[in-house]
Amino acid sequence: MTATTNRPTTTPTRVGTVDGAATTIRPKKPILAATGGPAHRPSAAAHLTDADVERLGRELDALRDRIISTRGAKDAAYIRRVIRIQRTLEVVGRATLLLSKKKSAFVAGTAMLSVAKILENMEIGHNVLHGQWDWMRDPDIHSTTWEWDFVTPAAAWKHTHNDLHHTWTNVLGKDKDVGYSTLRMAEDQPWRPFNILNPAINLILAPFFEWGIAIYDLELEAVKDGEKSKDDLKRDLKAVGRKVVRQFTKDYAATPLAAMPFGSGKQALIGTFTANAIRNVWAHSVIFCGHFPDGVDTFTEEEIEGETRGDWYIRQMLGSANISGSKLMHIMTGNLSHQIEHHCFPDLPSNRYAEVAVEMREICQRYGLPYTTGPMPKQVYQAWAKVFRLALPNRPRPLPKNAAHAVNAPVPPRRSALPMVASVG
Amino acid sequence: MVQIRALRRVASILTTPRTPEDFLGLVNPLVSSRQLRGVVTKVVRETPDSTTIHFRPGRGWNQHAAGQWARIGVEIDGVRQWRSYSLSAAVGHDPAVTVTAIGFVSTALARDTKVGDVLFLDTPQGDFVLPEHPRPLLMLTAGSGLTPVMSMIRTLVPRRPDADVVLIHSARTRGDALFHDELLELADQFPGLQVRHWFTREEGGRRLDLSGVADLETLCPDWRERAAYACGPTDFLDAATELWQREGADGAVGDAPALTIERFAPVLLDGVGGEGGLVTFEKSDKEVEVGGDVPLLDAGEDCGVVMPSGCRMGICRSCLTPLVAGKVRDLRTGEVHGDEGELIQTCVNAAAGPVHLDI
């Protein structure tokens, strides 16, 4: 047990040592410094002084407080409306699949179930599990009670996602979020021969994304490194096993079985499988748009040593990319299209990110920080281009003509030659 | 019943990870697998400040005994707030609470509740109930303390010809007195009930004095022969308790205690804010005295409690732990908060006085 104290604005009062016993040894949490900053700021923020960063931190804290103080009945009504729509689509979609012998019923049922599953995972599940709606104190919509329609159990995901990924966003060697382990997703990751399979792995990962996440949540690497005990792994395996049985029974046994009397058993099975696959491909695309398009930085452990609150915010901004689009698009991505805002404020209600984004853009512009965004096809293309590019060892890249300062840019290099970093404002 | 349960089991195979109730809730707002609910059927304004809310509870509600209370949850600005209210309806009728607009939750309930609203409920509780065997009774109430007693009177008086109840009720003015007309009608109709109102303003501002026996002797000369029930503000109840102890009337009348009281004050622990306090981890059965700047998470871990934890910086909410009692200070803002049942982020909150956590 590591007894470190990590309070954003205070220096630690005491830093414990790791117990000798074979209890869980987890990576130590970054301790946010009260003042100062890391020895080297990421290149995109290198022009900011400690005082600038502190001011930026205070501005973002104030922005967060403003949203929190105005959360209310309208927001509660929003999430309930989304849940009501999702459940209606789920019931009607599944019921329609019972008659999927007819082609129109098959298409309509599969489409409705796909949309229901996407909403359930993205706008509802992901965000509820982040605790975005905990403030309502409704036990039916709460991070401690919620379970989602996804093979990985909510509890396991909350640990690897909320705790590890959100704390160590894009820190190589620490953030083991998709990519950065089986996939090579950053130039700074050393190339190994099996990385040649990058595109193949990603292609298989997309339609089976929930399985990828479930395996990732088992933290096999941590077990190998002795950071996670075998008993913990066994417990997690059991939990996944139970969840898998329930998920399988629902989609691949009970639903087809119920459709059999209508002669639609086989079509219903294809329908539920397709709906899961569509949801998986969609979720995979959205997640890859979050941290892998060009213009997104990765960080080294040295770069986060001495991080202040403001530096932590800057890392979240530089390490995330948004997706531009319509209101419907934002809802279907679970508002992860506002990835930058989400990473800075993971527990604000998702329906408020759009208004946070307006101020966030303005703040980025004022401090001269990049704000990466683009339409979904472009962002998906860039993430995939990276998957292909990094399958091969790094090649020297021509420096952008108009960016003389980039000559001295420390790692990781920003590829601002490509039109990825949207100009702000 | 068995068939319904079997049907539910089958349905849950198709609804997992949700429950069948989550989907039934689309058409019937009272259905929930996690939270008892009720729908408001009638709203009656009793006095300028108080309102009676009648509701029809969903499945899982137990009929209340006269005098019991229930926790009622209501959403205010999107946040679920819980308070306890005495049930004022007679046994056998749809439950009702009479809410006086004091404090922000009661004020919102009393002013904004409409027919058709959904209330969140907990089953009725409390030992402030009628004695098992008939005996002469004295009810001593002040202000909204009348509500549980009203349920007793409504239950007992019309149904038992042998009832013998004296009610002494104190209110500021005639207009403020709850159930004023109904009580007078009941007293008119049934010889078993005698009502003595005490209106402080009409008495020239003099409050019903329980520091001595004089007022009591005037209003109910045979008070010593009656099993007494008192409900009202803290000082009113303290005075009554003291009086009964001093006057030696605290022995039992038959098998009922001479004075039974019901307090409305919330469960608060004494303690000084900002100084930390004694933290009790109830399920783990551990206690630790901590300073006001130590996160509850660290305090728990230091004494060996298995605390859920995550980012330890107030972001991930992996550490949420229900608060049973007490107040905590948010180390990020210095804000002191804490409602019963609130989920606390233990990594960024410290004790502000004694704290009880449900872990």
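Atoms considered below: every heavy atom in the structure, side chains included; atoms not considered: hydrogens, waters and symmetry mates. To find a chain, count down the sequence lines: A is the first, B the second, and so on, and within it residues start at 1.
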Sub-3.5 Å donor-acceptor pair from the side chain of A:Lys250 to the main-chain atoms of B:Thr16, do we have one?
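Here the side-chain-to-backbone pair exists.
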
Under 6.0 Å from the CZ atom of B:Arg34, do we count more than 12 heavy atoms belonging to anything else shown?
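Buried by this count: over 12 neighbours within 6.0 Å.
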
Any side-chain heavy-atom pair of [X] and [Y] under 4.5 Å:
X	Y	value
B:Arg18	A:Glu90	no
A:Pro139	B:Gln35	yes
B:Val79	A:Met136	no

One pair to check against side-chain contact (heavy atoms from CB on, under 4.5 Å): B:Asp77 and A:Arg71. What are the steps and the verdict?
CA-CA 8 Å; B:Asp77 291 335; A:Arg71 284 184 309 207; over 6 Å; no

[X] versus chain A, the contacting section by heavy-atom distance below 4.5 Å:
X	value
B:Ser33	neither
B:Ile13	both
B:Leu14	both

Examine whether an atom of A:Trp133 lies under 4.5 Å from a heavy atom of chain B, and if so say whether it belongs to the side chain, the backbone or both; otherwise answer neither.
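For A:Trp133, there is no contact with chain B at all, as no heavy atom is under 4.5 Å.
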
Where on A:Ala76 is there a heavy atom nearer than 4.5 Å to chain B: the side chain, the backbone, both, or neither?
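Side chain of A:Ala76 only, per the 4.5 Å heavy-atom cut-off to chain B.
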
Between A:Asp149, A:Asp140, A:Asp134, A:Asp65, which shows the greatest number of heavy-atom pairs under 4.5 Å with chain B?
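Most pairs with chain B among the choices: A:Asp140.
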
For chain A, which candidate among B:Asp22, B:Leu320, B:Val10 shows the most heavy-atom pairs at distances under 4.5 Å?
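Ranked by contacts with chain A, first place is B:Asp22.
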
Rounded distance [0.5 Å steps], CG in A:Asp138 versus CZ in B:Phe120
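Between A:Asp138 CG and B:Phe120 CZ, I get 6.0 Å after rounding to 0.5 Å.
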
In Å and rounded to the nearest 0.5 Å, what is the CZ to CZ distance from A:Arg84 to B:Phe23?
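Separation between the atoms: 14.0 Å.
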
